[in-house]
Structure formats: C-alpha cells, structure tokens
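So the structure is just underneath, and the comments pick up after that.
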Amino acid sequence: MNQLPTTTGKVIVCDGNEAAAWGACLSRPDMVAVYPITPQSSLVEYLAEFIADGRMDADLMDVEGEHTVLSVLHGAVLAGARTYSATSAQGLAFMFEPYFRTPGLRLPMVVSLVTRDAVSPTCVWGGQQDAMTVKEVGWIHMYCETQQEILDTIPIAYKVAEHPDVMLPVNVNHDGNYLSYGVARVELPPQSVVDAFLGEKQVNWHACLDPERPMAVDPLTGGAGGIGPSMFVKYRKGICAGMQDALRVIEEAHEDWGKRTGRYWSPLIEEYRMEDAEVALVTIGSMTGAAKDAVDTAREAGRKIGLVKIKTFRPFPAARIAQALSKVKAIGVVDRSVNFGWNCGPVFQEVLAAMYAQPVRIPMMSFIGGLAGADITVEHFATVVERTFRLAGGETAAGPVWLNEND
C-alpha cells in the first residue's frame with residue numbers, strides 16, 4: 001500500500017478469515033457453498049452468520065464435503081451465478097476432481113485457500129504445501145500479506161476472473177494460522193465503491209444454462225482420431241492464453257481498485273528497497289513482514305539489500321521477476337513449502353527458471369521455513385540475509401537451508 005485512502009469506509013478489527021468473508025460479502029455472490037476445515041472453518045462460519053443476519057444476500061449450501069462444494073458451484077456458475085467458497089489442505093485434496101474441471105470449463109469463480117501444510121505426518125497448521133501442490137491445474141493464484149490485502153484482493157479477483165479475456169477461476173490465498181487467526185485493523189470499503197468497481201456481473205454466457213437453449217457441457221473429447229485431439233489442444237491453448245492475458249488484467253484491476261479506494265496493492269510483484277540492492281530476498285505471503293524488518297535492519301547496518309514479494313504466483317510474472325532481480329549479485333528465495341523432486345522450495349524453482357535467460361548467471365539459494373505452523377522470525381531472516389551475502393561473496397550454495405530445523 002503506497003497511498004492514503006481517498007474514500008472513507010467502516011473500520012473494524014478482525015482476523016484474516018473474517019476479512020475474507022467481508023471481501024466475499026461486498027462482492028455480492030449469488031451462492032456460497034461451504035464445508036469447514038481447519039484453519040478455514042471460521043471463514044465459513046462468518047459467511048453463515050452474514051447470511052443469517054441478512055447482511056449478505058446469497059444462497060448458502062452447507063454440503064457434505066468439498067467435492068460437492070465445488071460441484072454445486074459449477075452448476076451455479078454455469079447457470080449465470082457469481083459464487084464463492086473457501087477451503088484448505090485435505091479439503092482441497094478432496095475437491096481435486098472438480099477443481100481440475102473448473103478452468104477447463106472456463107468458470108470465473110473465486111475460492112479462498114487458507115493455506116496449510118498437508119499430511120503426512122498429520123498436521124493442521126499453516127504452510128503453503130496445499131496451494132503449491134495445485135499450481136499447475138489452471139487456476140490463478142494470488143497470495144496476500146495482510147488482512148487488509150485479503151479483503152481487497154477478493155473483489156479484485158472477481159474483476160479478473162470475469163474479464164472476457166481471462167474467464168478463469170481465482171484462488172485468493174492467505175496463510176493459515178498467521179493471517180487466518182491474526183487480528184488487525186481493516187477498512188471495509190463502502191458497498192457503493194465495490195459495486196461501481198465490479199459493475200454488472202459478467203456471468204459465463206458462453207456456457208450459461210438455458211432451458212430454451214439446451215446444450216451438452218463438458219462432452220468427451222480427445223481420442224486417437226477425428227477432431228478430438230485438435231479440439232483438446234485448442235482448449236489447453238485457450239487456458240494458456242487466458243493466463244497470459246491475466247497478467248495485464250490483474251494490473252488493470254489493481255490500478256482501478258487503487259483509484260477507487262486509495263489502496264494500491266502491487267499486482268504481480270512488490271519491490272521493497274530494491275533501488276540500489278546488491279542482494280535480494282524473494283518472499284511470498286505473510287512471511288514478508290518479518291523479511292522487510294530484516295531488510296531494514298541490514299540497511300541500517302549499511303548493507304545494500306532489497307526484497308521482492310510475489311503477489312501473483314499463477315500466472316507467474318517471469319518478466320517482472322527477471323527485471324527486478326537482474327542487477328543483484330545473489331538471490332535468497334524463501335519458501336513455506338517443499339518441492340520434493342528438486343530438493344528445494346517451489347518458489348525457488350520458479351525464480352530460477354525466470355532468471356535462466358539473463359545474460360549473467362546470478363547465484364541463488366533456497367531457504368525453506370514455516371512448515372507445520374512454525375514461525376519465520378526476523379532472526380530467521382537475519383540468517384537468510386547473512387547466507388545470501390556470503391553467496392554473493394563467492395560461497396557455494398549446497399542444497400536448501402531448513403530455517404526451523406534446530407528451533
């Protein structure tokens with residue numbers, strides 16, 4: 001956020017789950033389908049309370065599990081409704097079959113992911129393993145740093161999802177435990193501001209169910225002959241095109257939101273004290289606050305260091321990442337999840353790929369912390385800063401650094 005608000009909204013103190021519920025409420029969905037799962041449960045309880053109190057005019061479907069949550073919302077979106085839901089970890093795993101189908105049908109829905117580490121061993125605490133596991137399914141993924149950013153990003157997500165050049169589902173992700181239960185000051189924008197921002201609902205007219213216009217939805221394609229394979233390629237390329245168009249639409253939507261509310265969130269990446277940085281950290285989600293404090297401390301000690309926060313992870317803003325990091329001498333990437341196949345964090349691997357085309361190879365190091373609800377403190381980030389400067393000085397990176405291993 002880099003400008004003072006130009007509109008006056010109601011100020012409340014709430015946790016991240018309530019902020020998400022308010023973001024959904026202000027976006028006026030027609031239908032909400034829910035099933036509770038830790039640490040998302042209170043979010044759906046807030047939604048039920050809002051609807052019961054008449055503050056939210058939506059149909060609430062309290063179904064028997066997450067597979068049904070997304071399945072009933074498919075029908076609602078296909079019938080022209082705006083929808084909302086939220087899930088986490090094993091619940092996301094249980095809804096995976098319809099989750100995979102959603103972008104293929106080009107359904108513009110918004111679902112909050114209250115991110116959590118996944119079993120096994122059994123864990124109900126924060127982490128980002130759930131969201132990172134589904135990063136290749138075709139959903140747009142946005143990550144939030146604060147409770148205010150959660151609320152503001154949900155209307156922005158509807159604006160992006162329903163744009164005719166995108167027409168893809170969006171996950172608005174906030175860290176379980178830290179943001180879901182952490183309490184902060186949050187400003188609710190006036191309903192009129194959100195209404196003017198979103199405009200008329202851009203329902204899925206290319207597949208809107210109509211008794212007067214019967215159609216088959218999601219028919220069998222593919223196969224070894226005929227036009228099936230080429231049709232399948234067409235659908236896949238369409239999702240890729242929508243993803244790339246989303247990079248522009250996400251920036252436009254954030255800019256529009258900023259003009260109306262005075263809150264200008266960085267749409268793709270945020271650069272912090274990068275103007276003359278010799279070393280850079282890369283973060284995602286709620287860990288960024290502690291990382292900024294560590295950068296400030298290092299700056300006060302005369303060390304030229306900056307930070308790049310990733311807001312949009314899918315589509316991955318590779319060009320913006322490369323532009324921001326191309327002039328530093330070393331990069332430290334901090335993940336809250338694991339890429340088991342590459343023995344590093346998934347964000348690290350994405351940044352590594354984005355930097356591949358740069359004329360000079362910049363050394364990078366993977367740091368993994370905050371698993372299973374562990375905290376990533378300023379002291380942990382001091383270690384990240386120190387190791388990244390040593391990398392810039394010629395030290396060889398050997399495997400990931402596990403920040404909480406000896407806590």
Side-chain angles (χ1 to χ4, degrees), residues 1-27 38-47 49-50 55-56 84 86 88 110 112-116 125-128 131 142-157 171-191 193-194 254 257-258 260-267 270 272 283-297 307 309-312 334 336 369-370 373-381:
M1 182 168 64
N2 53 19
Q3 293 189 22
L4 293 174
T6 57
T7 59
T8 302
K10 180 181 178 182
V11 174
I12 63 173
V13 176
C14 70
D15 61 32
N17 281 351
E18 185 175 355
W22 276 112
C25 180
L26 289 164
S27 301
T38 302
Q40 163 260 36
S41 298
S42 63
L43 199 169
V44 302
E45 292 167 358
Y46 286 121
L47 293 170
E49 179 183 334
F50 290 172
R55 284 178 284 179
M56 186 173 183
Y84 176 76
S88 180
V110 175
S112 287
L113 283 186
V114 187
T115 61
R116 195 187 100 178
W125 295 281
Q128 295 175 348
M142 300 180 186
Y143 285 77
C144 300
E145 179 184 347
T146 67
Q147 289 82 354
Q148 183 71 64
E149 190 172 10
I150 294 169
L151 186 151
D152 289 352
T153 302
I154 289 176
I156 291 172
N171 284 139
V172 179
N173 303 340
H174 66 267
D175 289 338
N177 295 70
Y178 295 92
L179 292 178
S180 64
Y181 302 147
V183 173
R185 176 193 184 279
V186 172
E187 180 176 324
L188 304 180
Q191 183 66 63
V193 170
V194 181
H254 279 74
W257 182 261
R260 296 175 187 275
T261 66
R263 290 190 289 276
Y264 286 84
W265 304 103
S266 299
E270 176 187 345
Y272 182 75
T283 61
I284 187 169
S286 64
M287 71 169 76
T288 305
K292 288 177 178 175
D293 288 345
V295 166
D296 290 343
T297 300
L307 180 149
K309 178 186 100 172
I310 295 175
K311 168 69 179 282
T312 298
V334 186
R336 288 197 65 184
D375 199 6
I376 311 180
T377 65
V378 175
E379 289 71 26
H380 288 119
F381 274 106

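Treat the numbers as computed from the prediction; the structure is a model and nothing was measured. The analysis underlying the following values was restricted to heavy atoms, covering all of them including side chains, and did not include hydrogens, waters or symmetry mates.
Gln40 places no side-chain N or O within 3.5 Å of a backbone atom of Val114 that could act as its donor or acceptor partner. Glu270 contributes no side-chain N or O that, together with a main-chain N or O of Ile310, makes up a donor-acceptor pair within less than 3.5 Å. Panel note: side chain Asp175, backbone Ser286; a donor-acceptor pair is recorded below 3.5 Å. In this structure, the side chain of Thr153 does not engage the main chain of Ile150 through any donor-acceptor pair within 3.5 Å. With hydrogens and angles disregarded, a donor-acceptor distance shorter than 3.5 Å links the side chain of Asp15 to the backbone of Glu18. A donor-acceptor contact shorter than 3.5 Å is absent between the side chain of Arg116 and the backbone of Gly127. Between the side chain of Ser42 and the backbone N or O of Glu45, no donor-acceptor pair lies under 3.5 Å. Side chain of Tyr181 to main chain of Asn17: no donor-acceptor pair is present (N/O by atom type, distance under 3.5 Å, no hydrogens or angles).
Considering every non-hydrogen atom in both Cys144 and Val172, the closest pair reads SG-CG1, 3.8 Å. Considering every non-hydrogen atom in both Tyr178 and Gly373, the closest pair reads OH-O, 2.7 Å. Annotation for Arg55 and Cys25: closest pair O-SG, 3.6 Å, computed over non-hydrogen atoms. The two residues Leu43 and Ser112 come nearest to each other via the heavy atoms CD1-CB, 4.2 Å. The shortest heavy-atom contact between Leu151 and Leu26 is CD2-CD1, 4.3 Å. Closest approach of Lys311 to Ser266, counting heavy atoms only: CG-O, 3.3 Å.
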TODO: Show your working on side chain to side chain contact (heavy atoms under 4.5 Å, CB included) between His174 and Thr115 and close with a plain yes or no.
DONE: CA-CA 6 Å; His174 66 267; Thr115 61; over 6 Å; no
- [ ] Mind running salt bridge (charged side-chain N to carboxylate O under 4.0 Å, His left out) on Glu187 and Lys10 for me, showing each step along the way?
- [x] CA-CA 6 Å; Glu187 180 176 324; Lys10 180 181 178 182; over 6 Å; no
TODO: Start with the C-alpha gap between Tyr46 and Trp22, add the side-chain angles, then the distance that decides, and say whether side chain to side chain contact (heavy atoms under 4.5 Å, CB included) holds.
DONE: CA-CA 9 Å; Tyr46 286 121; Trp22 276 112; over 6 Å; no
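How far CD1 of Ile284 is from CE of Met142: 12.5 Å, rounded to the nearest 0.5 Å. For the atom pair NE2 of His380 and CG of Asp375, the computed distance is 7.5 Å after rounding to the nearest 0.5 Å. Separation of atoms OH (Tyr84) and CG (Leu47) is listed at 6.0 Å; rounding is to 0.5 Å. Expressed to the nearest 0.5 Å, how far OG1 of Thr283 lies from CZ of Arg336 amounts to 12.0 Å.
Side-chain polar atoms of Asn173 and Gln128 form no donor-acceptor pair below 3.5 angstrom. Using a 3.5 Å distance cut-off with no hydrogens or angles, the side chains of Glu379 and Thr377 do pair a donor with an acceptor.
Between Gln148 and Trp265 there is a side-chain heavy-atom pair separated by less than 4.5 Å. Two residues are said to be in side-chain contact when any heavy atoms from C-beta on lie closer than 4.5 Å; Tyr272 and Val295 meet this criterion. Side chains of Met287 and Phe381 form a contact here, defined as non-hydrogen atoms less than 4.5 Å apart.
Taking the six-membered ring for Trp and the full ring otherwise, the centers of Trp257 and Tyr264 sit at least 6.0 Å from each other.
Every residue was checked against the side-chain hydrogen bond (donor to acceptor under 3.5 Å, both in side chains) condition with Thr312, not counting sequence neighbours, and none meets it.
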